Q: 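Let me give you the structure first, and then I'll get to my questions.
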Amino acid sequence: MTQVRTRFAPSPTGFMHLGNARAGLFSWAYARHHGGKFVLRIEDTDLERSTEESVQVILDSMAWLGLDYDEGPIRQTARLERYRAVIAEMLADGRAYKCYATKEELDLLREEQRAKGIKPRYDGRWRPENAQGKPVPEGIKPVIRFRNPDDGLVTWNDLVKGEISISNTELDDLVIARDDLMPTYNFAVVVDDLDMAITHVVRGDDHVNNTPRQINIYRALKAPVPEFAHLPTVLGHDGEKLSKRLHGESVSVMHYAAEGYLPEALFNYLARLGWSHGDAEKFPRDKFVEWFDLAQVSRSAAQFDQAKLTWLNHEYIKEADNARLAGLVGPRIEASGAKLAGGPDLVRVVALVKDRAHTLQEVADAAHLFYGNIRATPELLAQHVTDAVKPALAALREKLGAVAWEKPAIAAVVKETLTQHGLKMPQLAMPVRVLVAGQTQTPSLDAVLELFGRERVLQALGNF
RNA sequence: GUCCCCUUCGUCUAGAGGCCUAGGACAUUACCCUUUCACGGUAAGUACGCGGGUUCGAAUCCCGCAGGGGACGCCA
């Protein structure tokens, strides 16, 4: 049994959206599950749209998700000589030929075909047998077309979708090199996957239609055809295929990093989108690798559900190490203008507030009250710090001055004040919150007071 | 238009002829907990697209229809 080799081959033309990321994730998982190799290839033959920044975004997104690769990144633009050599061979023996048809001419052809209700296809007008004696137009640089078989069926057993079969009469002679000699996608992938000895091509099912063309090229090259696995499309919340135009940046991997999602949460969510292992919903990456199997991938498109991702993120935040969380959340708190220095230990603050937060940003927002020096509004003060509770507040302050500064002792003193003044908890807790934290919504009072520290609390309670 | 693929709760899915009066999760609703906001707990409602077959028996197999998606580029 030869070693499994898979690849992920994004094109650097913008951000990396969730659909791409999931394709990369599954391809990666397949290789890891089988102890194989995972190759990263950058498909940058579209010079118009490819950018260096986008290459970096791909690298960043993969690193953030923890998708490590064994080979690459290999750029197609670094392999141009190789493609040209293959094209020259094919040209030499008629597996490919030059086509001088102009873009305008082809547009017209397609238009006519559509009008007739048939599938738009190149009609083979520059195939050698049709071009006999035809003068080569002046000033037109030809493209190179692959001579596709005229008849027969192309069939493969897709590892996700099962047997798929397409007739060669549906296909046409596709362009494999543009007039500037740059190879096109369908040709470059085949040469690359061949040279990189890819055994399993795992990719999105928008490529199903390309597969028979590529298989024909493999055959023309007398090369072994790899296995194919076409993953179902990832749709947006609106049921449309994920796209830059429709969904914008809100579906990019790094957007979720910026919004305060943990990589393990997105990883888990994506893993579970279109794939399942019984009832398992939350599982770590090593379990995913252990369980992953193409046979369990669903055949139908899946809608992205932000609410479920958020739930998973919440689950992972709850169990995340507090020091790690503090490191991630600190910059967010300072970004809001607050200063960590001089405030309570962020690790302890995070431990207190993380249960209620669904994103790192929410952790930061909840922690903010300990560092922001928030002052209650006069309305809030008037509403809660009434003359009726002032004696109790004074009494509490005095007791707090003498107590051991630990949560249980603080709680005991609060209770004591309550009974002595005949108050219910909210009647005392709310004014204390307003005075100390500047707001009525905080975690439990004793914990909040403990974290603020005696000095700050006594000062605040003496201030009315 | 042509070709290809898909079709179980609102969403992600379990289900490979009897275990299904269809299970889990998210979301929703109700109730409980409660020191505010949350967290948490318990419970409920909601699905096999439609029509024909095959079979003693179909969510599961076959056919048709409908719906959805994808592709039809000198983009990938």
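Below, each value reflects all heavy atoms present in this structure, side chains not excepted, and no hydrogens, waters or symmetry copies. Each chain gets a letter, A, B and so on, in the order the sequences are listed, and its residues count up from 1. No experiment lies behind these values; they were computed from the predicted model shown.
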Q: Could you check if a side-chain atom of A:N168 sits within less than 4.5 angstrom of a side-chain atom of A:D150, using non-hydrogen atoms only?
A: no
Q: Under 4.0 Å, heavy atoms only, any strand: does A:K241 hit a base, just the sugar-phosphate, or nothing?
A: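 Sugar-phosphate, no base atom in range.
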Q: Between B:rC74, B:rG69, B:rC39, spot the one nearest the side chain of A:V143, thanks.
A: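 Minimum distance to the A:V143 side chain belongs to B:rC74.
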Q: Measure from OH on A:Y316 to P on B:rC26 and round the result to the nearest Å.
A: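 So the OH-P distance, A:Y316 to B:rC26, works out to 14 Å.
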Q: Taking the minimum atom-to-atom distance to the side chain of A:K161, which one of B:rA76, B:rC12, B:rC5 wins?
A: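 It is B:rC5.
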Q: Looking at A:R79 and A:D195, does any basic side-chain N land under 4.0 Å from a carboxylate oxygen?
A: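 Yes, A:R79 and A:D195 are salt-bridged.
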Q: Determine the contact category for A:R114: base if any of its heavy atoms lies under 4.0 Å from a base atom, sugar-phosphate if only primed atoms, P, OP1 or OP2 are that close, otherwise nothing.
A: base
Q: Using atom P in both nucleotides, what's the gap between B:rC50 and B:rU34 to the nearest angstrom?
A: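 Comparing P positions in B:rC50 and B:rU34 gives a spacing of 47 Å.
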Q: Can you identify which nucleotide, out of B:rC12, B:rC74, B:rC75, has its nearest atom closest to the A:D179 side chain?
A: B:rC74
Q: Between B:rC4 atom P and A:W156 atom CH2, what is the distance in whole Å?
A: 11 Å
Q: Given the ring of A:Y316, does A:K282 sit roughly above its face, with NZ or CZ under 6.0 Å from the centre of the six-membered ring and within 45° of the axis?
A: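 The answer is yes, since A:K282 meets both limits relative to A:Y316.
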Q: With respect to the phosphate group of B:rU13, does any side-chain polar atom (N or O) of A:K308 fall under 4.0 Å of OP1 or OP2?
A: no
Q: Choosing from B:rC26, B:rG70, B:rC39, which nucleotide comes nearest the side chain of A:H358?
A: B:rC39
Q: Do A:H200 and A:F26 have ring centres separated by under 6.0 Å?
A: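 Distance test on ring centres: not under 6.0 Å, no.
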Q: Is there a side-chain contact between A:S276 and the phosphate of B:rA14, meaning an N or O under 4.0 Å from OP1 or OP2?
A: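 Yes, A:S276 has a side-chain N/O under 4.0 Å of OP1/OP2 on B:rA14.
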Q: Quick one: A:D205 CG to B:rG68 P, roughly how many Å, whole number?
A: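 The distance from CG of A:D205 to P of B:rG68 comes to 17 Å, rounded to the nearest Å.
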Q: Check the distance between B:rG1's P and A:Q113's CD and give it to me in whole angstrom.
A: 17 Å
Q: Looking only at atom types and distance, does a side-chain atom of A:Y30 sit under 3.5 Å from a main-chain N or O of A:V201, one as donor and one as acceptor?
A: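 No; zero donor-acceptor contacts below 3.5 Å.
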Q: Under 3.5 Å, is there an N or O donor on one side and an acceptor on the other linking the side chain of A:R272 and the base of B:rU13?
A: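 Per atom types, no contact qualifies.
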Q: Does B:rC19 have a Watson-Crick or wobble partner in any strand here, with both distances under 3.5 angstrom, and which is it?
A: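 Answer to the pairing question: none, since B:rC19 forms no Watson-Crick or G-U pair.
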Q: Taking any heavy-atom pair under 4.0 Å as a contact, classify A:D172: base, sugar-phosphate, or nothing.
A: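 Touches nothing.
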Q: Could you let me know what B:rA44 is paired to, Watson-Crick or G-U wobble, both distances under 3.5 Å, or none if it's on its own?
A: B:rU28
Q: Do any N or O atoms from the side chain of A:D172 and from the backbone of A:Y122 form a donor-acceptor pair under 3.5 angstrom?
A: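 Confirmed, A:D172 side chain pairs with A:Y122 backbone.
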Q: Between B:rU35, B:rC75, B:rU11, which one does the side chain of A:D305 approach most closely?
A: B:rU11
Q: Regarding A:R41 and A:D193, does a basic nitrogen lie under 4.0 Å from an acidic carboxylate oxygen?
A: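 Counted as a salt bridge, because a side-chain N and a carboxylate O are separated by less than 4.0 Å.
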Q: A:S11 near the nucleic acid: base, sugar-phosphate alone, or nothing, with a heavy-atom cut-off under 4.0 Å?
A: sugar-phosphate
Q: Considering only the P atoms, how many Å lie between B:rC9 and B:rG24, rounded to the nearest integer?
A: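 Rounded to whole Å, the distance is 16 Å.
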Q: For B:rU36 and A:T442 - does any side-chain N or O of the residue sit under 4.0 Å from the phosphate oxygens OP1/OP2?
A: no
Q: For B:rG18 versus B:rU55, give the span between their C1' atoms, rounded off to a whole number of Å.
A: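 It works out to 12 Å between them.
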Q: Between B:rU7, B:rG40, B:rG70, which one does the side chain of A:E315 approach most closely?
A: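 Among the listed nucleotides, the one closest to the side chain of A:E315 is B:rG40.
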Q: Which pairs with one or both residues in residues 406-418 of chain A pass side chain to side chain donor-acceptor pair (under 3.5 Å), sequence neighbours excluded?
A: A:K399-A:E416
Q: Nearest-Å distance, CE (A:M430) to C1' (B:rA38)?
A: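 Checked: the CE to C1' distance equals 13 Å.
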Q: Syn or anti for B:rC39, taking syn as within 90° of 0?
A: syn
Q: Of the listed nucleotides (B:rC12, B:rU35, B:rG70), which one gets closest to any side-chain atom of A:N209?
A: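 So the side chain of A:N209 is nearest to B:rG70.
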Q: Among the nucleotides B:rU35, B:rC4, B:rU7, which one has an atom lying closest to any side-chain atom of A:P426?
A: B:rU35
Q: So, is A:S167 near the phosphate of B:rC3, with a side-chain N or O under 4.0 Å from OP1 or OP2?
A: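 No.
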Q: Just call it for A:T184: base, sugar-phosphate, or nothing, with non-hydrogen atoms closer than 4.0 Å on any strand.
A: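 Contact class for A:T184: sugar-phosphate only.
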Q: Provide the distance between the two P atoms, one in B:rU21 and one in B:rA16, to the nearest whole Å.
A: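 The same atom, P, in both gives a distance of 14 Å.
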Q: According to the Watson-Crick and G-U wobble definitions, with both distances under 3.5 Å, which nucleotide is paired to B:rC33?
A: none
Q: Mind checking whether A:R272 and A:E281 have side chains closer than 4.5 Å, heavy atoms only?
A: yes
Q: Mind checking if A:G274 touches a base, just sugar-phosphate, or nothing, with heavy atoms under 4.0 Å?
A: sugar-phosphate
Q: I'd like to know if the side chain of A:R285 reaches the main chain of A:E264, judged simply by a donor and an acceptor atom lying under 3.5 Å from each other, with no hydrogens or angles considered.
A: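 Side chain of A:R285 to backbone of A:E264: no pair is present.
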Q: Within the structure shown, what part of the strands sits under 4.0 Å from A:Q303 by heavy-atom distance: base, sugar-phosphate, or nothing?
A: sugar-phosphate
Q: Could you check A:S298 against A:E163 and say which one's nearest nucleotide on RNA chain B is further toward the 5' end?
A: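 Going by which nucleotide is closer to the 5' end, it is A:E163.
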Q: Between B:rG52 and B:rA76, how far apart are the P atoms? Round to whole Å, please.
A: 49 Å
Q: Mapping A:L309 and A:L235 to their closest nucleotides on RNA chain B, which lands nearer the 5' end?
A: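 Nearer the 5' end of the strand: A:L309.
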Q: Does any nucleotide pair with B:rC72 by Watson-Crick or G-U wobble geometry, both distances under 3.5 Å, and what is it?
A: B:rG1
Q: What interatomic distance, in whole Å, is found between P of B:rU13 and the corresponding atom of B:rG49?
A: 15 Å
Q: Does A:R121 reach a base, just sugar-phosphate, or nothing at all? Heavy atoms under 4.0 Å.
A: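 Contact class for A:R121: none.
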Q: Partner lookup for B:rA66, please. Criteria are Watson-Crick or G-U wobble with both distances under 3.5 angstrom; report none if nothing qualifies.
A: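 Result: B:rU7.
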Q: Please report the distance separating the P of B:rG15 from the corresponding atom of B:rU8, rounded so that it comes out in whole Å.
A: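 Approximately 14 Å lies between the P atom of B:rG15 and that of B:rU8.
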Q: Using a 4.0 Å heavy-atom cut-off across all strands, classify A:P443 as base, sugar-phosphate, or nothing.
A: base
Q: Counting side-chain heavy atoms from CB outward, which of B:rC74, B:rG1, B:rG69 is closest to A:R178?
A: B:rC74
Q: So A:K424, base contact, sugar-phosphate only, or nothing? Heavy-atom distance under 4.0 Å.
A: nothing
Q: Please tell me if A:H314 has a side-chain N or O lying less than 4.0 Å from either OP1 or OP2 of B:rG40.
A: yes
Q: Using a cut-off of 4.0 Å on non-hydrogen atoms, how would the nucleic acid contact of A:A271 be classed: base, sugar-phosphate, or nothing?
A: nothing
Q: On a whole-Å scale, what distance lies between the C1' atoms belonging to B:rC48 and B:rA22?
A: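 Pairwise C1' distance, B:rC48 against B:rA22, rounds to 8 Å.
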Q: From the list B:rC72, B:rC75, B:rC4, which nucleotide is the closest neighbour of the side chain of A:I166?
A: B:rC4
Q: Assess whether one donor atom and one acceptor atom, taken from the side chain of A:D279 and the base of B:rG23, lie less than 3.5 Å apart.
A: yes
Q: Between B:rA76 atom P and A:D44 atom CG, what is the distance in whole Å?
A: 10 Å
